**Student:** 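Submitted below is the structure of interest, expressed as structure tokens.
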Amino acid sequence: MTETRDIVIPGEVLGDMKERKSGYGTFSEDGKIISKFLGIPKDSSGYLSVVPLSGVYVPRRQDKVIGFITSVEKVGWVVDINSPWTSFLSLSEGVDEFVDLKRTDIRRFYDVGDVIYAQVSEVRGSDVQLTMKTPIARKLRGGITVKITPSKVPRLIGKEGSMINTIKEKTKTIIRVGQNGIVWISGEKINKAIKAVKLIEEKSHIIGLTEEITKLLSD
Amino acid sequence: MGMKTKEKLIVKGKRLDGRKPDEIREIEMKVGVIPNADGSAQVRFGNTIAMAGVYGPRELFPKHRQEADKAIIQCRYNMAPFSVDERKRPGPSRRAIEISKVTRLALEPALFLKDYPEMVVDVYIEILQADGSTRVTGINAASLALADAGVPMKDLVVALSGGKVDDTLVIDLCGKEDNYGKADIPIVFLPRKKEITLLQMDGQLTVQEVKNIIKNVLKAGETVYKKQKEVLKKKYSK
């Protein structure tokens, strides 16, 4: 049996409000901090939080996500971002140049089925807006997309990108990870990279995962 | 209820299946039994088996049923045609519709539905084998499935039935005790603060008896809670 991280269940008391603050995935009741999810507890800079082991993606401002264009509207695009809510990329946020709508078909910029790497610019209730006006945003051409549990994205990236960089180097691929759990991979050894990503998804709660991944990649 | 039988259901302090009055049947729980569902669980209490699948939070249609500030929860309790001795006619009956509703009301207080505006959480409970206390078994399965699906919860939900058989107060009734006993009370509660979210009664009891049954069930529910906790943690410690 391999060593695993501590796991908490919903309703489990994590600590006292007097010593810590209640972070993501927790709530406070009667001065106690309590977990909301089945997940891995974390204690950093005075906040107690829980990283859920499953669940849907809830968009938040500034998140960088990978989305699929699902339909083209008059002044923008509807984008599927692997969340229960669909998001909207307006023409002004998607394109830098001036567009004369009478003469141009905006499918020229993005069409149904295109994959984009964008940033969440605004979330108001169920209304999610995306923007491409950020240096990192772009259309992703070619490649393969893989879905993982959104809460496991930090584990895939690793400390300061250590995990993802190892995979990139060893498999000679370009990888982009959206906060929404969609991973886009392009390059030489795509199959190996996918295998590694899937393994991280499956064993994210195990201690010593980095060694296991290095072993898989060096075979 | 109130059906007459000459048989004694409790002989020398032992029940039909050899249990003591305050003893729960053998419990078996499994999490993640339906790969296509976001969360799922199967729970067995003696010969009663329930399976629950949770889908969501996901978009709710028709749109007019969406709530602008919170998610809603939809429950379906269904008994399989082969779950009982005589074939049950498939489809929702008066009883199934009622149980679906009380299940929804029992689960609602445990969830943070405000986190997901305009969404729905679907809970499907299937009774595969029925031998008394099916609604509580189903709710236990639903609790595990919700936690497995990553729906934010205030607490797990623990369900257990109590009742009166031959003038003795018992817990976790089996099918025969349910049919020929004097009364039964399914109780659902949130274990941390012992908040009761479902309490129904079928039969006749005095006020004191009801109080005693609630006390017994809350106490015995700890065992069920421990089992739920154990099985959820076990899923990720292989």
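Each chain gets a letter, A, B and so on, in the order its sequence line appears, and its residues count up from 1. These numbers come from a predicted model, not from an experiment.
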**Student:** Decide if atom NZ of A:Lys192 counts as having more than 12 heavy atoms of other residues, nucleotides or ligands within a radius under 6.0 Å.
**Tutor:** yes

**Student:** Check the pair B:Lys193 / A:Asp30 against side chain to side chain contact (heavy atoms under 4.5 Å, CB included), numbers first and verdict last.
**Tutor:** CA-CA 11 Å; B:Lys193 294 183 88 182; A:Asp30 304 336; 3.5 Å; yes

**Student:** With a 4.0 Å cut-off, would you call B:Lys154 and A:Glu29 a salt bridge?
**Tutor:**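 Not counted as a salt bridge, because no side-chain N and carboxylate O are separated by less than 4.0 Å.
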
**Student:** Roughly how far apart are A:Ile34 CD1 and B:Asp155 CG, rounded to 0.5 Å?
**Tutor:** 8.0 Å

**Student:** Is A:Val58 close to chain B through its backbone or its side chain, or both, or neither, when contacts mean heavy atoms under 4.5 Å?
**Tutor:**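 Only the side chain of A:Val58 comes within 4.5 Å of chain B.
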
**Student:** Between B:Gln228, B:Arg58, B:Glu59, B:Met119, who has the most heavy-atom pairs with chain A when the cutoff is under 4.5 Å?
**Tutor:**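 Top count of heavy-atom pairs under 4.5 Å with chain A: B:Met119.
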
**Student:** Give, as side chain, backbone, both or neither, the part of B:Asp115 having an atom under 4.5 angstrom from any heavy atom of chain A.
**Tutor:**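 Both parts, heavy atoms under 4.5 Å.
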
**Student:** Does a sphere of radius 6.0 Å around NZ in A:Lys139 hold more than 12 heavy atoms from other residues, nucleotides or ligands, not counting ones at 6.0 Å or beyond?
**Tutor:**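 Counting neighbours around NZ of A:Lys139, more than 12 heavy atoms of other residues, nucleotides or ligands fall under 6.0 Å, so yes.
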
**Student:** More than 12 non-hydrogen atoms from neighbouring residues, nucleotides or ligands closer than 6.0 Å to CZ on A:Phe27, yes or no?
**Tutor:**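 Atom CZ in A:Phe27 is packed in, count exceeds 12.
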
**Student:** Which region of B:Ala149, side chain (C-beta onward) or backbone (N, CA, C, O), has a non-hydrogen atom less than 4.5 Å from a non-hydrogen atom of chain A, or is it both or neither?
**Tutor:**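 Backbone only.
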
**Student:** Test side chain to side chain contact (heavy atoms under 4.5 Å, CB included) on A:Val13 and B:Arg192; report intermediate values, then the result.
**Tutor:** CA-CA 9 Å; A:Val13 178; B:Arg192 184 160 38 81; 4.0 Å; yes

**Student:** Hey, could you give me the CG/CG distance between B:Leu146 and A:Leu38, rounded to the nearest 0.5 Å?
**Tutor:** 12.0 Å

**Student:** At a 4.5 Å cut-off on heavy atoms, which part of A:Ser35 comes close to chain B: side chain, backbone, both, or neither?
**Tutor:**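 The backbone, not the side chain.
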
**Student:** Do A:Val56 and B:Tyr116 have side-chain heavy atoms sitting under 4.5 Å apart?
**Tutor:**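 A side-chain contact under 4.5 Å exists here.
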
**Student:** Does a sphere of radius 6.0 Å around NZ in A:Lys195 hold more than 12 heavy atoms from other residues, nucleotides or ligands, not counting ones at 6.0 Å or beyond?
**Tutor:**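 No - once you tally the heavy atoms of other residues, nucleotides and ligands closer than 6.0 Å, there are 12 at most.
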
**Student:** Could you tell me which non-hydrogen atom of A:Pro84 sits nearest to which non-hydrogen atom of B:Pro57, and how far apart they are?
**Tutor:**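 Minimum heavy-atom separation between A:Pro84 and B:Pro57: CG-O, 3.3 Å.
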
**Student:** Which heavy atom of B:Tyr236 sits nearest to which heavy atom of A:Ile7, and what is that distance?
**Tutor:** CB-CD1, 3.0 Å

**Student:** Are A:Ile9 and B:Leu156 side-chain neighbours, meaning at least one heavy-atom pair lies under 4.5 Å?
**Tutor:** yes

**Student:** For a quick test of reading the model, state the closest non-hydrogen atom pair linking A:Ser54 to B:Ala147 and the distance between them.
**Tutor:**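 Taking A:Ser54 first and B:Ala147 second, the nearest heavy atoms are OG-O, 4.3 Å.
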
**Student:** Is there a donor-acceptor pair closer than 3.5 Å between any side-chain N or O of A:Trp85 and the backbone N or O of B:Glu118?
**Tutor:** no

**Student:** May I ask you to check whether over 12 heavy atoms, not counting those of A:Lys133, lie within 6.0 Å of atom NZ?
**Tutor:**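 Enclosed: over 12 neighbouring heavy atoms sit under 6.0 Å from NZ of A:Lys133.
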
**Student:** With only heavy atoms counted, which part of B:Met153 is less than 4.5 Å from chain A, the side chain, the backbone, both or neither?
**Tutor:** both

